[in-house]
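Any value given below was found using the heavy atoms of this structure, including those in side chains, with hydrogens, waters and symmetry copies removed. Chain letters run A, B, ... following the sequence lines, proteins first, then strands; residues in each count from 1. None of the values given here were measured: they were computed from a predicted structure.
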There are 2 protein chains.
Amino acid sequence: MVKYSTEKPILVAVDCIVFGYDGEDVKLLLIKRAIKPLKDQWSLMGGFIGHNEDLDDAAQRILLQLTGLKNVYLEQLHTFGKPDRDPVERTISVTYFSLIDINKYSKQINDIYHAEWFKLSETPTLIFDHGMMVKTAMEKIRYQAALHPILFELLPKKFTIPQLQNLYEQVYDMPIDNRNFIRKITASGLLIKQEEKDKSSSKRGAFYFKLDKHKHKAQFKSFLNFVGKRTPG
Amino acid sequence: MVKYSTEKPILVAVDCIVFGYDGEDVKLLLIKRAIKPLKDQWSLMGGFIGHNEDLDDAAQRILLQLTGLKNVYLEQLHTFGKPDRDPVERTISVTYFSLIDINKYSKQINDIYHAEWFKLSETPTLIFDHGMMVKTAMEKIRYQAALHPILFELLPKKFTIPQLQNLYEQVYDMPIDNRNFIRKITASGLLIKQEEKDKSSSKRGAFYFKLDKHKHKAQFKSFLNFVGKRTPG
DNA sequence: ACAAAAGTGTTGGCTGTACACCCATGC
DNA sequence: GCATGGGTGTACAGCCAACACTTTTGT
């Protein structure tokens with residue numbers, strides 16, 4: 001069989017940036033690196049791709065191993081490839097980001113891997129260029145969420161509009177007028193009102209909603225406008 | 001020194017999807033593959049990354065070798081990594097897309113590499129998954145151009161508004177009302193009117209404009225709205 | 001004079017924003 | 001009854017699509 005070349009090999013890794021929401025805070029999932037160098041430093045979840053493994057599959061596998069979650073929202077972000085980004089060997093990293101509901105996430109597996117959730121504002125220093133990866137992911141999510149209903153991926157099946165608003169406010173780090181938000185979000189037709197109310201955060205209680213998955217899928221590619229026109233940040 | 005593993009190596013390639021505009025048509029630059037297998041089939045411009053080469057640098061290098069152009073608009077698109085995408089060896093491909101003014105492009109180098117411009121509608125079948133790469137690039141450009149002034153990268157220093165409109169119409173494959181287009185684009189403040197007119201395509205002639213590069217850079221990240229709200233396609 | 005492309009004006013509807021106000025309920 | 005968060009109503013401004021019209025000039 002033909003071969004292309006005999007250059008020194010370059011390793012291919014996949015790193016996953018996992019964002020979660022617990023109804024209160026947007027958080028980032030990190031683990032302590034298991035191998036030298038920089039052992040026990042905080043790191044994204046990563047691993048090398050198998051020789052017969054698709055990139056997307058590798059990302060799913062790594063996420064499954066770490067969170068026990070299948071079929072989560074997972075999207076390729078960017079490929080990082082500076083020659084010196086990993087001091088051990090030349091490694092390029094294909095990054096993926098994921099959005100999950102923290103409460104769905106299984107605690108046991110968390111413990112096995114010593115993974116921890118960090119509030120975005122309290123993210124520790126990460127190894128290599130992982131800090132840059134997180135920054136890039138955050139920018140992409142802001143970009144996408146301004147146009148598409150991706151943030152629903154972070155929510156449980158039932159959620160309230162104030163919860164949703166809080167999520168948007170955290171992602172964009174700015175206050176949103178609740179009255180306009182409610183109207184905009186209900187006008188989108190994406191939500192199905194439930195009978196039940198959540199009384200945990202107010203006396204009056206806020207109605208639970210479910211996502212209309214059909215409409216969500218249909219509208220996913222259309223351009224919506226969930227936040228203001230200002231540049232995020 | 002520590003080493004990570006001894007898995008069979010995976011090759012890392014860079015492929016460039018180069019779009020051009022000659023004032024009439026949006027075109028795609030392709031070459032005939034120089035090596036076996038599939039020798040002489042149409043292909044994107046690609047190559048393997050050097051062992052000490054950054055991904056972005058590799059893309060610039062490949063583009064320079066093929067077009068003689070430096071400092072062109074070049075943006076990482078997506079990384080393709082299906083195990084069987086290249087039948088010879090396991091190769092992942094980091095793709096970049098580029099937008100250039102065809103008239104700036106030096107013909108000689110073109111001839112050396114046997115590169116040819118194809119109208120988008122007349123693109124031949126490409127090797128491997130290159131067809132999918134082109135499709136992905138086109139989608140991304142439509143997405144981006146709806147919000148950011150990236151299509152100016154395809155134009156020469158001086159251009160007319162009808163030329164610009166024609167470009168948008170081709171990218172989105174739909175007619176645009178010229179009267180609204182003119183107002184929208186002039187209102188953006190991105191254009192500087194020149195004295196001179198282009199008389200080649202009408203009796204009255206159309207004023208030339210130059211891009212206000214400062215404003216272009218400043219507004220690049222802000223969300224604009226150059227096309228309608230419909231989903232492109 | 002006329003055709004053909006470039007460019008200006010005008011309108012009405014939709015959408016986003018700001019902000020005043022009412023509602024439900026636990027204390 | 002009052003504080004607190006949830007939710008509705010209203011009013012204004014800006015933007016955009018649609019379409020009528022004028023301007024320029026080669027033939």
Side-chain angles (χ1 to χ4, degrees), chain A residues 23-24 145-147 149 155 158-170 172 174-210 219 222-232, chain B residues 23-24 145-147 149 155 158-170 172 174-210 219 222-232:
Chain A
E24 300 236 326
L147 299 163
L155 292 165
K158 288 189 312 186
F159 53 89
T160 67
I161 292 185
Q163 267 171 26
L164 181 61
Q165 181 179 336
N166 172 42
L167 174 56
Y168 273 91
E169 287 178 332
Q170 285 196 42
Y172 289 98
M174 62 173 168
I176 298 174
D177 185 290
N178 73 320
R179 301 160 290 188
N180 292 328
F181 185 80
I182 291 167
R183 234 176 319 96
K184 207 185 260 187
I185 217 79
T186 50
S188 76
L190 287 172
L191 300 190
I192 304 167
K193 198 175 195 165
Q194 306 298 296
E195 295 296 315
E196 199 188 347
K197 275 187 171 185
D198 167 35
K199 297 248 182 183
S200 65
S201 64
S202 82
K203 295 158 186 178
R204 179 178 178 178
F207 280 107
Y208 278 115
F209 288 83
K210 281 188 181 174
Q219 291 194 21
S222 71
F223 286 53
L224 298 171
N225 218 349
F226 286 127
V227 291
K229 299 236 171 192
R230 293 175 258 180
T231 311
Chain B
E24 301 234 325
L147 300 164
L155 293 164
K158 289 188 312 186
F159 54 88
T160 67
I161 292 185
Q163 266 171 25
L164 181 61
Q165 180 179 338
N166 172 41
L167 174 55
Y168 272 91
E169 287 178 332
Q170 284 196 43
Y172 289 97
M174 63 174 168
I176 297 174
D177 184 291
N178 73 322
R179 301 161 289 188
N180 292 330
F181 185 80
I182 291 166
R183 232 173 322 98
K184 206 185 263 187
I185 216 79
T186 49
S188 77
L190 287 172
L191 301 189
I192 303 167
K193 197 173 194 167
Q194 306 298 298
E195 294 295 316
E196 199 187 347
K197 275 187 171 186
D198 167 35
K199 297 246 184 185
S200 66
S201 63
S202 84
K203 295 159 186 177
R204 181 176 176 177
F207 280 106
Y208 278 116
F209 287 82
K210 282 188 181 174
Q219 292 194 19
S222 71
F223 286 53
L224 298 171
N225 217 351
F226 286 129
V227 291
K229 299 235 169 193
R230 295 175 256 179
T231 311

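- Residue Arg183(B) places its side chain closer to dT10(C) than to any other of dT10(C), dT17(C), dG7(C).
- The base of dA5(C) does not come close enough to the side chain of Asn178(B) for any donor and acceptor atom to sit less than 3.5 Å apart.
- Residue Glu196(A) contributes atom CD, which lies 19 Å from atom P of dA24(C) at whole-angstrom precision.
- The base of dA20(C) sits with one of its N or O atoms less than 3.5 Å from a complementary donor or acceptor on the side chain of Arg179(A).
- Considering only side-chain atoms of Lys197(A), the nucleotide from dG5(D), dA5(C), dA24(C) that sits closest is dA24(C).
- Among the heavy atoms of the strands lying under 4.0 Å from Ser201(B) are primed sugar atoms or P, OP1, OP2 only; no base atom is included.
- Atom-to-atom, CZ of Phe207(A) to P of dT8(D) comes out at 9 Å; the value is rounded to the nearest Å.
- Of all non-hydrogen atoms in Ile176(B) and Glu169(B), the two that sit nearest each other are N-OE2, 2.9 Å.
- The side chain of Ala206(A) has dG6(D) as its nearest neighbour among dG7(C), dG6(D), dT17(C).
- Following rounding to the nearest Å, Phe159(A) (CZ) and dG6(D) (C1') show an atom-to-atom distance of 16 Å.
- The heavy-atom pair separating Arg183(B) from Asn180(B) by the smallest distance is NH2-OD1, 2.9 Å.
- Counting heavy atoms from C-beta on, the side chains of Phe181(A) and Asp177(A) never come closer than 4.5 Å.
- Minimum atom distance to the side chain of Arg204(B) is reached by dA5(C), of the listed dA5(C), dC23(C), dA17(D).
- Distance alone, capped at 3.5 Å, places no donor-acceptor pair between the Asp198(A) side chain and the Phe159(A) backbone.
- When each of dG7(C), dC19(D), dG7(D) is scored by its nearest atom to the side-chain atoms of Pro162(A), the top-ranked nucleotide is dG7(D).
- Ile185(A) places its CD1 atom 15 Å from the P atom of dT15(C), with the value rounded to the nearest Å.
- Lys193(B) places its NZ atom 6 Å from the P atom of dT8(C), with the value rounded to the nearest Å.
- Looking at which nucleotide of DNA chain C each of Lys203(B) and Asp177(A) is closest to, the 5′-most match is held by Lys203(B).
- The shortest heavy-atom contact between Gly23(A) and Asn166(A) is O-ND2, 3.7 Å.
- One interatomic measurement links the two molecules: OH of Tyr168(B) to C1' of dC16(D), which rounds to 16 Å at whole-angstrom precision.
- Counting heavy atoms from C-beta on, the side chains of Leu167(B) and Gln170(B) never come closer than 4.5 Å.
- Bending across the helix from dA1(C)-dT27(D) to dC27(C)-dG1(D), expressed as the angle between its end axes from five pairs apiece, amounts to 20° (10° rounding).
- Of the residues Gln194(B), Glu196(B), Gln163(B), the one that meets the side-chain hydrogen bond (donor to acceptor under 3.5 Å, both in side chains) test with Lys158(B) is Glu196(B).
- Closest to the side chain of Lys199(A), from the set dT25(C), dT25(D), dT8(D), is dT25(C).
- A straight line from OH of Tyr208(A) to C1' of dG6(D) spans 14 Å, rounded to a whole angstrom.
- The distance from atom CG of Leu191(A) to atom P of dG7(D) is 11 Å, rounded to the nearest whole Å.
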